[in-house]
K.L.:
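First, the structure itself, so that you have it in front of you.
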Amino acid sequence: MGQEEPKYDAESHVKRNPHPDFKKVEASRPQWRDDHSARMTTQTKDPSWKIGQGGNDKDDSLTYEHVEINPDAEGRPPVSNYKLLISAIIPRPVGFISTRSKDGSSTNLAPFSYFNMVNHDPPMFVVGFSGGWHQAKDTLVNLRDTQECCVNIISEHFVEAANSTSIDAPYGTSEWAIAGLHPAPCSIIKASRVKEAVFSVECKLYDTKEFESRVKKGEKTGVMAILEGVRFWARKDAVNDEMNLLDPNVIRPVGRLGGISYSRLGDMFEIPRPKFDEVKKEEDNAHFVSKVEGQ
Ligand SMILES: Cc1cc2nc3c(=O)[nH]c(=O)nc-3n(C[C@H](O)[C@H](O)[C@H](O)COP(=O)(O)O)c2cc1C
């Protein structure tokens, strides 16, 4: 299971790493900056922005041209869509998923950045697995067999370990030992949560949907799993007394970018949401139309 065919998104096929000698390139770079005080909450770029103003770049972005890309164009390999999209839809949160085999004889841990929350009552999450059911990754096999998993959020303080769990280990080899991360018990599910994680969610499998290639008819290319969160675990120093706000300076999440790149949180800023009735009272009616020029 999962091992009969090569993994759909194997490194040898995708070639995410652009560096023939990665260690040499990394050694030439500045060291990790451990200066958390450098991160600030700043003003927005244009605090005096007015309704209808548009961009804050003096329309510079309007001087560039776009190229149209058909994802299914003849001769365009699907891996080009993968590489383009993972470099465009950024930064992506990473669901670091812990599962257990049905008989409990093996455990699994792996990162997935086709991941997000899509609802909060009930708490619902989606995860996308590359490859159809016939190529199911170990996480998906366990998820299907046990109907449960624990999604952990990756923080800076264990990013190398988390990345190491993306290794193409055969089913039954636990990435927990490879990573050196520590399991902690969950409450509702049998899989462990990652003790190093600042925030984890115990999940039950809600539904799955398999996708088929548009270019290679009949080829199943991905499975989306919808998960329902049934328990949250938050590190005490990161969560407020009402248990409804997590401190970004404690969780320090990492985002996934294109290729083999990750990102850290940078400076933050706040912008209140506008209220239609209030804005309408203050603004010129020209801003309240059913279409604008060019549409
Ligand atoms: C940061 C990161 C994000 C990833 N996101 C995904 C993803 O969203 N979907 C996917 O199928 N594989 C993704 N992968 C690859 C899997 O982690 C990798 O195939 C892993 O071996 C799967 O483990 P498993 O077979 O033990 O489940 C990602 C890898 C990394 C490092």
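Computed from heavy atoms alone, side chains included, the values below leave out hydrogens, waters and symmetry copies. Remember, it's 1-based here, ligands and their atoms both numbered in the order they're listed.
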K.L.:
Check ligand 1 against N163 and write out every atom of the ligand that is under 4.0 Å from a heavy-atom position of the residue.
P.N.:
31 (C)

K.L.:
Can you list the atoms of ligand 1 that are under 4.0 Å from a heavy atom of T139?
P.N.:
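This gives 24 (P), 27 (O) as the contact atoms.
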
K.L.:
Going by the atom numbers of ligand 1, which of them fall below 4.0 Å from some non-hydrogen atom of D138?
P.N.:
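Checking each atom against D138, I get 24 (P), 25 (O), 26 (O), 27 (O).
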
K.L.:
Would you mind writing out the side-chain donor-acceptor pairs for residues 218-242 within the sub-3.5 Å range, not counting sequence neighbours?
P.N.:
unit_1, atom_1, unit_2, atom_2, d
K220, NZ, E212, OE1, 3.1
W233, NE1, E202, OE2, 2.7
R235, NE, D237, OD1, 2.8
R235, NH2, D237, OD2, 2.8
N240, OD1, M243, N, 3.0
N240, OD1, N244, N, 2.9
N240, OD1, L245, N, 3.1
N240, ND2, E242, OE1, 3.2
N240, ND2, N244, OD1, 2.8

K.L.:
Ignoring hydrogens and geometry, is there a side-chain-to-backbone donor-acceptor pair from S155 to H157 under 3.5 Å?
P.N.:
no

K.L.:
Let me check something: any side-chain donor-acceptor pairs from residues 182-193 under 3.5 Å, sequence neighbours excluded? List them with distances.
P.N.:
unit_1, atom_1, unit_2, atom_2, d
H182, ND1, E196, OE2, 2.5
R193, NE, P185, O, 3.3

K.L.:
Please indicate whether Q295 has more than 12 foreign heavy atoms, meaning atoms of other residues, nucleotides or ligands, lying under 6.0 Å from its CD.
P.N.:
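Yes, CD of Q295 has more than 12 neighbouring heavy atoms, counting only those of other groups under 6.0 Å.
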
K.L.:
Mind checking whether E175 has a heavy atom under 4.0 Å from ligand 1?
P.N.:
yes

K.L.:
Could you tell me whether a side-chain N or O of E11 sits under 3.5 Å from a main-chain N or O of R16, the two making a donor and an acceptor?
P.N.:
yes

K.L.:
Applying a heavy-atom cut-off of 4.0 Å, say which part of S130 lies close to ligand 1: side chain, backbone, both or neither.
P.N.:
both

K.L.:
Does any N or O atom in L140 lie less than 3.5 angstrom from one in ligand 1, N or O only?
P.N.:
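No; the residue has no nitrogen or oxygen that sits under 3.5 Å from a nitrogen or oxygen of the ligand.
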
K.L.:
Using only atom types and a distance under 3.5 Å, with no angle test, would you say the side chain of K83 pairs donor to acceptor with the backbone of V14?
P.N.:
yes

K.L.:
Please identify which atoms of ligand 1 are closer than 4.0 Å to at least one heavy atom of I167.
P.N.:
21 (O)

K.L.:
If the cut-off is 4.0 Å to any non-hydrogen atom of N108, which atoms of ligand 1 fall inside it?
P.N.:
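Going through ligand 1 atom by atom, the ones under 4.0 Å from N108 are 24 (P), 26 (O), 27 (O).
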
K.L.:
Have a look at A10, P111, S166 and point out the one with the heavy atom closest to atom 14 (N) of ligand 1.
P.N.:
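Among A10, P111, S166, the closest heavy atom to atom 14 (N) of ligand 1 belongs to P111.
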
K.L.:
Below 3.5 Å, N or O to N or O, backbone or side chain included: is there any such pair between G128 and ligand 1?
P.N.:
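Checking ligand 1 against G128, an N or O pair does fall under 3.5 Å apart.
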
K.L.:
Does R33 reach the side chain of R264, with side-chain heavy atoms less than 4.5 Å apart?
P.N.:
yes

K.L.:
Heavy-atom distance to atom 7 (C) of ligand 1: which of F112, F115, F96 wins?
P.N.:
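When every heavy atom of F112, F115, F96 is considered, F112 comes closest to atom 7 (C) of ligand 1.
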
K.L.:
Should you measure from each heavy atom of F129, which atoms of ligand 1 turn up under 4.0 Å away?
P.N.:
11 (O)

K.L.:
With a 4.5 Å cut-off on side-chain heavy atoms, are R256 and F115 touching?
P.N.:
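They are not in contact (no side-chain heavy atoms under 4.5 Å apart), so the answer is no.
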
K.L.:
Do the ring planes of F288 and F276 sit parallel (below 30°), tilted (30 to 60°) or perpendicular (above 60°)?
P.N.:
perpendicular

K.L.:
So which of Y114, Y171, Y262 gets nearest to atom 8 (O) of ligand 1, if we judge by its closest heavy atom?
P.N.:
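That would be Y114.
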
